[in-house]
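To keep things clear, I will list the structure first and then write my remarks on it.
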Amino acid sequence: MLKLERVAKKYKGAGRYAVHYLDLDIPRGEIFGFLGPNGAGKTTTIKMIVGLLEPDQGKIQVNGFDVTEDPVGAKRSCGFVPDNPELYPRLTGIEYLNLMGDVYQVPGDLRKKRIDYYLNMFELTGAVGDLIQSYSRGMRQKLALTGALLHNPPLFILDEPMVGLDPKSSHLFKEVMREHVREGNTVFFSTHVLEVAEKFCDRVGIIHNGKLIACGTLEELREQSQQEDSSLEKIFLQLTEEGERP
Amino acid sequence: MRNRLWSVYLSLLNMQYGVSVLRHRYLKERRRLWELLLLTVTLIPFGVIMFRFFWSMAEMLFVGGLGLGQPHVALVYGAVMASLITLFFGFLSVLSAFYFSTDLELLVTLPLSSTEILLVKFAVVLTGKYAINLLILLPFWLRYGILAKAGVGYVISAVLVFLLLPVIPLLIASVIMVLLMRVVNLSRHRDKLTLIGGLLVVGLSIGFQVWLSTNVGEGDPQQMLELLLSQTEGLVRAVGRVFPTAIWAARAMAQAHTLQGWLNFGLLAGASLLGLGALMFIGKRVFLASILQGFEASKGSAGKRRAKGTVKSRPVLGTLSLLEVRLFLRDPNYALNGLVGYVMFPILFAVSLFTQEFTGSPLELLATLELPSMFIFGVIVLYVTAMVAMSMIPSTTFSREGKYLWFVRSLPLKLEEVILSRALAAAGVNLVGCLVGVLPMAYLARWQWGSVLLGVLLGALLSLVWAVSLILWDLRRPMLDWVNPIRAVKSNLNAVVGLAASMVLVGALGVISFRLSQGSSAWLVPVLLGLVGLALAAVNYYVLQRFGRKQWRQIEGGM
């Protein structure tokens with residue numbers, strides 16, 4: 001579903017690569033957690049997948065579409081929620097959702113059904129006629145999530161989805177992601193919350209200084225770090241500290 | 001330790017004009033230095049032309065005024081012009097700085113009183129006005145100083161007057177806007193009312209000033225001349241009627257060596273202080289309340305909007321065009337700046353028409369002017385084309401999105417769809433705006449409706465093609481890192497270059513079309529304009545294919 005081959009990105013004027021020849025292969029029906037310390041290259045990777053940044057080298061394929069060759073096809077297969085969803089503040093919630101529905105060409109009946117479903121779930125029905133500028137961060141995140149799921153994307157990408165959410169919303173987000181995968185889709189998300197990744201993901205990848213230093217199920221990571229019965233937190237700390245050593 | 005208000009002032013000034021960003025970009029990173037070069041190359045000829053124009057005007061007024069014993073009418077004229085420009089642009093600057101800048105949410109949390117916030121904001125806007133005033137006043141004052149062989153007193157007085165001159169017009173704009181916003185922010189339809197109120201205030205102030213200035217010589221010309229000659233400073237008073245403080249400013253400078261001069265300076269300073277006191281008085285009572293009300297106003301109307309909140313399907317191009325129109329019109333910063341031209345030009349024309357001395361009705365005179373149909377056609381086409389650039393909708397389309405640009409870029413859209421939808425939105429708004437001026441004019445002047453219709457149609461097409469050119473220009477390097485949204489329009493090089501290019505294009509086409517329309521080859525006017533449209537479309541297509549897509553992929557920022 002998502003394939004990255006030798007993907008590299010260096011920002012102008014930066015000394016080192018933000019993403020250093022990254023390889024990833026994520027099959028359909030998987031929840032993949034993308035972990036890493038601040039500045040490791042998680043958001044840069046995500047931005048390249050969704051077409052907000054152009055890789056300097058390498059190839060990214062989403063649902064068989066090459067992100068550089070056929071960006072429209074690749075984007076059609078994606079739903080994306082950024083870490084701090086900056087949505088047009090002077091649109092109302094429903095205007096935003098209609099815009100998403102139009103662009104992704106979601107038929108009217110199906111659109112209405114999905115919008116009603118998610119708005120009810122996120123308790124946004126009463127606010128959907130308000131301007132987005134009046135929404136809290138959590139409300140904006142829920143609205144962005146609803147918009148991103150309207151076309152039932154084969155690949156659902158979220159950047160730090162749990163940041164700023166209350167426990168109930170966080171639980172709902174996880175439920176939505178699980179449900180999306182049960183329908184045969186794939187979820188790729190970055191997070192700092194290791195507990196979530198541990199309990200929730202089928203596989204995790206750890207990126208550090210732009211390089212993928214570990215990738216696999218929790219068991220595979222334990223083997224890789226030679227720490228039996230360790231928590232993901234310990235494994236993460238050990239691997240990233242090893243990555244720091246020259 | 002710096003005074004806290006001074007510190008806030010410097011920080012706001014920095015944010016308003018992006019001083020740190022520019023310093024970092026040009027001095028530290030040494031990126032995009034060519035922009036500075038382009039800006040210099042664009043602005044220097046403009047500055048030189050303006051300087052020479054004002055210089056000659058000052059000389060002409062000095063010589064003319066000298067004959068009536070009032071050479072300082074040159075100073076009055078310069079001061080009036082500077083004051084009017086400060087007042088007119090002051091409305092827009094005050095509205096943006098006082099009510100729509102993103103720093104307000106931070107400022108109200110600081111231990112600053114309502115009056116202090118207002119004072120600092122006022123100072124920041126005022127600082128910006130000095131730059132514009134310098135361009136107008138320097139040639140006037142230099143020329144006068146040289147011709148009058150003025151001394152040191154004149155120079156000292158000029159510096160002090162320069163500092164005070166924009167205060168009163170800006171105070172007037174501030175007081176009106178503070179009061180207007182107090183009323184507007186109480187309403188559910190805050191943005192709509194701000195736009196309508198802002199346009200009304202600007203329109204009325206222009207109309208009033210033009211009416212005053214064109215009525216300087218009202219009545220029998222012979223009688224007026226005698227009055228100007230017989231009264232001490234008759235001419236000075238007549239010119240100064242438009243903005244009376246200009247008389248004090250001019251006298252303070254022209255008579256700087258006398259007590260009389262300094263008394264006039266005292267009047268100017270006293271009036272400025274009184275005005276500032278009035279603003280602070282009003283501000284203390286309504287400014288903070290108005291801002292806080294504004295923070296709330298965006299929420300209050302849920303019930304009303306919910307009723308409209310229905311699921312609706314539209315074609316992609318339509319939905320994207322609608323998005324562009326909504327985002328533009330719902331932000332008073334953009335809407336006011338973009339739409340003001342559509343109101344201003346018809347008002348200027350109407351007021352000047354109805355205040356001229358005609359024998360008979362001006363409407364009848366207008367109707368008897370039998371203008372060639374191709375002339376009318378050309379005027380309409382070029383007006384519609386010029387105004388699409390004046391609105392700045394296309395030339396700032398990506399810049400205005402700033403941190404929200406990630407959204408459109410992450411959607412499965414072809415760049416052609418993005419550009420065409422924005423061009424359609426710009427051309428659509430422009431067409432409606434232009435019809436506000438064109439239709440009444442066509443009716444009053446009894447223009448042939450065939451020419452008008454054809455002019456509007458070709459104007460719409462040419463403006464659409466030109467809008468695409470301007471959008472591609474903004475795509476080249478959109479200005480995405482702004483804090484105050486008004487910067488995306490007013491401090492945007494893309495908008496400046498777009499305007500300059502439009503002036504050159506429309507000016508050149510205007511001259512050629514005018515010549516053609518006078519002779520037997522008038523039929524060439526639509527051919528010429530049509531061919532120019534086709535040529536522009538071809539250039540747009542080439543630029544889009546050659547550079548556009550690459551640039552769209554490579555934009556960094558906007559998130």
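Letters A, B, ... are given to chains in the order of the sequence lines, protein chains preceding strands, and every chain is numbered from 1. Because the structure is a prediction, the values reported are computed rather than measured.
Of the two parts of B/Leu323, only the side chain, counted from C-beta on, holds a non-hydrogen atom closer than 4.5 Å to a non-hydrogen atom of chain A. Neither the backbone nor the side chain of B/Glu417 comes within contact range of chain A, judged by heavy atoms closer than 4.5 Å. The parts of A/Leu87 that come within reach of chain B are both its backbone and its side chain, each placing non-hydrogen atoms under 4.5 angstrom from that chain. Proximity to chain A (any heavy atom under 4.5 Å) is shown, for B/Arg314, by both the backbone and the side chain.
Checked against a 6.0 Å centroid threshold, the rings of B/Phe407 and A/Tyr96 count as neighbours.
Side-chain atoms of A/Thr43 and A/Asp159 form a donor-acceptor pair, as typed in the model, at a separation below 3.5 Å. A donor atom on one side chain and an acceptor atom on the other are not found under 3.5 Å apart for B/Thr396 and B/Asn492. Judged by distance alone, the side chains of B/Thr397 and B/Glu324 do bring a donor and an acceptor atom under 3.5 Å apart.
More than 12 heavy atoms of other residues, nucleotides or ligands shown are found within 6.0 angstrom of OH on A/Tyr11.
Counting heavy atoms from C-beta outward, A/Lys168 and A/Glu123 have side chains that approach closer than 4.5 Å.
With respect to chain A, the highest number of heavy-atom pairs below 4.5 Å among B/Asp331, B/Leu320, B/Leu322 belongs to B/Asp331. Of all the listed residues (A/Ser77, A/Gly101, A/Pro89), the one sharing the greatest number of non-hydrogen pairs under 4.5 Å with chain B is A/Pro89.
With hydrogens and angles disregarded, no donor-acceptor distance shorter than 3.5 Å links the side chain of B/Arg553 to the backbone of A/Pro71.
Salt-bridge check for A/Glu95 with B/Arg330: passed, with a basic side-chain N closer than 4.0 Å to an acidic carboxylate O.
Of residues 107-117 of chain A, those residues with a non-hydrogen atom less than 4.5 Å from any non-hydrogen atom of chain B are, in numerical order, A/Gly108, A/Arg111, A/Lys112, A/Ile115.
Minimum interatomic distance between B/Leu411 and A/Lys75 (heavy atoms only, all atoms of both residues): O-CD, 3.1 Å.
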